[in-house]
Structures are given as structure tokens and as C-alpha cells.
Amino acid sequence: MMRTNKKLFDQIFELKYLCKQLNQHSNKCEQEEKAQKKKAKAALEKGNMEGAKIHASNAIRKKGEALNYLKLASRLDAVISRLDQQNTLSQVNKSATGITKNINRLLSSVPTEKMASNMGEFTQALENLDVATASMDDAMNKQAASMHDDAAATELLQQLADENDMNLKIAAPGAVTTQLTSENEGKDKEEEGDDLMTRLNQLKAL
């Protein structure tokens, strides 16, 4: 099979090269046709009617040759296109054959019943994960709502204390401190400072 494909590829390459040569010959004949027309014109200007006819005949012949080469190249190009298509189809068929064998080998190595069972277990695991995630989200939402309620209650208590001049500082839910306690602590510290100053003055008097 590989040898046949290589041979076909080589033939296509040779035909493409030949088609290129035919197009080159056609272009060359067109250039020669133009040259013969110029010569025919020059002969007419000189009054050389015989020479002008010869150059005109040559120009007509070259024009015909160019057209013939072009027709051959066109036909050859059509043949090349068909061979290219055949070569491509052959390669596609080869690839499809190999892929089919691989698929069949894969299916035979893994039983379809086991594949179906594994997919069922995988689907069940995903469903269990969804349930667990939903439960966790619900618990977290409830906790967040509880914390929000505590904060709201603390804010309301502080508002009531401020409105009624109760001199209360609500630090946290369930914990209440008074400015009175703070003031008493301040007085104790001031008395302790006064006592220290009295002792210092007594030492200086000695």
C-alpha cells in the first residue's frame, strides 16, 4: 500500500513538472509571436511586403503553438487534480482504517458493562458532593445570620443606652461595662498617686 502511494505521488510530481513546462512553452511562443509582429510591422514600414508576410505567418504559427501548449497544460492539470484527489482519498481511507482498528481494540479491552458501572458511580459521587456542599452552605448561612442577629441586638442595646443617658458601653453580646467602674478605677489611681507624693515630701523634709 505504501509503495503504491509513493508511486502515485511520484507520478503526480512528474505530471506537475510537465504541466509547468507546457505553460513555459506557451509563454515563450507568445513572446515570439509579439516579436514576429514587431518584425512584420518594421518590414511594412520599409516597404518589404514579402518579409512582412513571412513574419506575419510566423506570428500566426507561434500564436497557434501557444494555444496548443496552453490546452495541453489545461488537460494535464485536470488529470493532476483527479490524481491528487485519488491520493487524498487513499490517505483518508488509510487513516480511517487505522482509527477504526484502534477504536475496536479499545472497546474490546474495556467491557461496556464496566464502563457503564463506572459512569454510574461517578454520577452518584457527584450527586453526593452536591448534597454535602449544599448542607455546608446552609450551615454557614445560618451561622452568618446568627452573628448578624447578635450584632444587630448589640447595636440596638447601645442605641437604647445612649437615648436614656445610661452611661453604658456595650462591648459585646452579654458583656456590659459601665463608665462608673472606669471612674472608680481612676479615682483609686489618683489616690494612690497622692499617697506617693505625700511620702516623697516627707522624705524631703527629713
Side-chain angles (χ1 to χ4, degrees), residues 1-138 140-141:
M1 183 68 177
M2 293 182 61
R3 184 175 300 177
T4 303
N5 290 338
K6 185 178 183 304
K7 185 177 180 180
L8 180 60
F9 178 81
D10 292 339
Q11 290 176 345
I12 293 173
F13 180 80
E14 292 176 0
L15 290 175
K16 286 182 177 180
Y17 180 73
L18 180 58
C19 183
K20 183 178 179 180
Q21 285 184 324
L22 290 173
N23 285 317
Q24 289 176 348
H25 286 310
S26 178
N27 292 331
K28 184 178 179 182
C29 288
E30 289 178 355
Q31 296 298 325
E32 292 178 355
E33 177 194 358
K34 293 178 180 179
Q36 291 296 325
K37 285 182 178 180
K38 288 182 179 180
K39 291 180 180 180
K41 181 181 178 182
L44 285 175
E45 291 175 349
K46 293 178 181 180
N48 185 2
M49 187 61 64
E50 189 67 23
K53 288 183 179 180
I54 293 174
H55 290 305
S57 297
N58 291 337
I60 293 172
R61 187 179 72 256
K62 289 299 179 182
K63 182 179 180 179
E65 290 178 0
L67 289 175
N68 289 333
Y69 283 130
L70 194 60
K71 289 178 182 179
L72 287 174
S74 178
R75 293 175 182 174
L76 193 58
D77 186 66
V79 174
I80 293 171
S81 296
R82 293 178 182 176
L83 291 177
D84 270 332
Q85 183 180 9
Q86 181 63 34
N87 186 38
T88 302
L89 291 175
S90 177
Q91 293 177 359
V92 171
N93 180 60
K94 180 181 177 182
S95 299
T97 302
I99 293 172
T100 302
K101 290 181 180 179
N102 291 333
I103 292 175
N104 292 333
R105 190 180 300 111
L106 177 63
L107 291 175
S108 62
S109 63
V110 181
T112 55
E113 294 82 2
K114 186 176 181 180
M115 291 178 63
S117 176
N118 291 337
M119 291 303 297
E121 292 177 0
F122 179 71
T123 303
Q124 185 62 43
L126 289 179
E127 292 177 355
N128 296 337
L129 180 61
D130 290 339
V131 173
T133 303
S135 300
M136 184 180 298
D137 290 341
D138 184 62
M140 293 178 66
N141 291 333

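The residues of the chain are indexed from 1 along the displayed sequence.
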Quiz prompt | Short N-O contact, R82 and D77, less than 4.0 angstrom | solution = no
Quiz item: So which heavy atom on C19 is nearest to which on L76, and how close?
Solution: N-CD2, 3.5 Å
Quiz item: Just by distance, do the side chain of S57 and the backbone of K53 share a donor-acceptor pair under 3.5 Å?
Solution: yes
Quiz item: Do L72 and N68 come within less than 4.5 Å of each other through their side chains, counting heavy atoms only?
Solution: no
Practice problem: Check whether more than 12 heavy atoms from other residues, nucleotides or ligands sit under 6.0 Å from atom CZ of R61, and answer yes or no. | Solution: yes
Exercise. Find the distance between CD (E30) and CD (E32) and round it off to the nearest 0.5 Å.
Key: 11.0 Å
Practice problem: Report the residue from K38, K39, E50 that forms a side-chain contact (heavy atoms from CB on, under 4.5 Å) with H55. | Solution: K39
Self-check item: Nearest heavy atoms of G51 and A43, plus distance in Å
Solution: C-CB, 4.0 Å
Practice problem: Go through I54 and N58 one step at a time and tell me if the side chain to side chain contact (heavy atoms under 4.5 Å, CB included) criterion holds. | Solution: CA-CA 6 Å; I54 293 174; N58 291 337; 3.8 Å; yes
Exercise. State, to 0.1 Å, how close A56 and A40 come at their nearest heavy-atom pair, and which atoms those are.
Key: N-CB, 4.0 Å
Quiz item: Taking atom types as modelled, is there a side-chain donor on N27 or Q31 under 3.5 Å from an acceptor on the other?
Solution: no
Exercise. Mind running side chain to side chain contact (heavy atoms under 4.5 Å, CB included) on I80 and Q85 for me, showing each step along the way?
Key: CA-CA 9 Å; I80 293 171; Q85 183 180 9; over 6 Å; no
Exercise. Starting at OH of Y69, measure out to CD of Q24 and round the result to the nearest 0.5 Å.
Key: 12.0 Å
Quiz item: Which heavy atom of A59 sits nearest a heavy atom of K37, and at what distance?
Solution: CB-CG, 3.9 Å
Quiz item: Any donor and acceptor pair, going by atom type alone, linking the side chain of N93 with main-chain N or O of L89 inside 3.5 Å?
Solution: no
Quiz item: How long is the span from the CG atom in L129 to the CD atom in Q124, to the nearest 0.5 Å?
Solution: 11.5 Å
Quiz item: How long is the gap from CG on L67 to OG on S74, to the nearest 0.5 Å?
Solution: 12.0 Å
Quiz item: S26 side chain to L22 main-chain N or O, any donor-acceptor pair under 3.5 Å?
Solution: no
Practice problem: Would you give the length of the straight line joining atom NE2 of H25 to atom CD of E65, rounded to the nearest 0.5 angstrom? | Solution: 10.5 Å
